[in-house]
Amino acid sequence: MNELSGKHILLGLTGGIACYKAAEFCRALVKAGATVQVVMTEAAAQFITPVTMQALSSRPVYTSQWDGREANNMPHINLSREADAIVIAPCSADFVAQLVLGSTPELLSLLCLARPRQSVPLLLAPAMNREMWSHPATQRNVAQAQVDGAVVLGVGTGEQACGETGEGRMLEPTELLEELIAFFRPKTMAGQHVLVTAGPTFEAIDPVRGITNLSSGKMGFSSARAAKDAGAEVTLVAGPVRLAYPRGVKRINVKSALDMEKKQ
């Protein structure tokens, strides 16, 4: 069963090199069972063409608030009313600022302002240079966007197109898909705090010898991710493993009982 079956996602693209990831994200959404309507800013079209996004979504791409294809000439109303969620990926620093100010220079910002806030959630996947991301103005705007009801999915860390390394990268398409699926799941564990232990441990017998096990940690990590997706606050205590930690989970790495004693 496709996890997003029956969901209609409005995928907004703003200006940024991460638009190449939006193509794969759009494809992943369709494979997961969603229908996707793409809306692009003028800047986004400098990085990837509407033709590409139309081919991947199997729907005409909207770029202008004056698009005459809508019978009532109101794409900002019609498109926002049809969506189960609006996802902006990539979301530039400038677009976050527009949302906070209520500025509507293009169709995408206009439909975000016009969306029914109680029924159409707005999810943002920021993408920008590390200095832009850490700038106080950006952080203020991101915080205000959350206060205004937007869900900020966070950013990745690593090499950036400019050659620098740090926070600000857009999450990978698979991560965005996981976040969106988790967003729609019922939050049956909201308000609960879950502690999960996973992976191998090493219990010292003496300074040389110890008792260990060959646990991969996969079951514990999956349990932590499921609890987090269900709305719980999760702490994951893990031994040495080669697994990616679930996003939004508090992590504690340990190698042995001695490590736990040192942390206390």
Margin query: Does Ile9 form a side chain to side chain contact (heavy atoms under 4.5 Å, CB included) with Thr35? I'd like the steps, not just the answer.
Written below: CA-CA 6 Å; Ile9 306 301; Thr35 57; over 6 Å; no
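- Across all their heavy atoms, Leu11 and Ala22 have their closest contact at CD2-O, 4.1 Å.
- Nearest approach of Asn73 to Gly68, heavy atoms of both residues: OD1-CA, 4.0 Å.
- For the residue pair Val155 and Glu167, the shortest heavy atom distance occurs at CG2-CB, 4.2 Å.
- Asn78 and Glu82 share no donor-acceptor pair across their side chains, judged by distance under 3.5 Å alone.
- Here the shortest heavy-atom pairing between Val194 and Val196 reads CG1-CG2, 3.7 Å.
- Salt-bridge annotation for Glu164 and Arg130: present, with a side-chain N of the basic residue lying under 4.0 Å from a carboxylate O of the acidic one.
- Applying the side-chain hydrogen bond (donor to acceptor under 3.5 Å, both in side chains) test to pairs two or more places apart or on separate chains, those with a residue in residues 215-232 are Arg185-Asp229.
- In this structure, Ala238 and Phe221 approach most closely via the heavy-atom pair CB-CE1, 3.8 Å.
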What pairs of donor and acceptor atoms, side-chain ones from residues 42-56 against any protein atom, are under 3.5 angstrom apart with sequence neighbours left out?
residue	atom	partner	partner atom	Å
Thr49	OG1	Thr52	N	3.2
Thr49	OG1	Thr52	OG1	3.1

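- Counting only distance, with no hydrogens or angles, the side chain of Gln139 and the backbone of Trp133 share a donor-acceptor pair below 3.5 Å.
- Under the side-chain contact (heavy atoms from CB on, under 4.5 Å) criterion, Ser57 pairs with Cys26, Val36, Val38, Arg59, not counting sequence neighbours.
- Partner Tyr62 forms a side chain to side chain donor-acceptor pair (under 3.5 Å) with one of Glu70, Gln37, His76 and no other, that one being Glu70.
- Rounding to the nearest 0.5 Å gives a distance of 12.0 Å between CZ of Phe95 and CE of Met128.
- For the atom pair CD1 of Ile17 and SG of Cys19, the computed distance is 8.0 Å after rounding to the nearest 0.5 Å.
- Results of the side chain to side chain contact (heavy atoms under 4.5 Å, CB included) test with Leu99 over Leu124, Leu108, Leu113, Asp148 single out Leu124 as the only residue that passes.
- The shortest heavy-atom contact between Ala227 and Val234 is CB-CG2, 3.8 Å.
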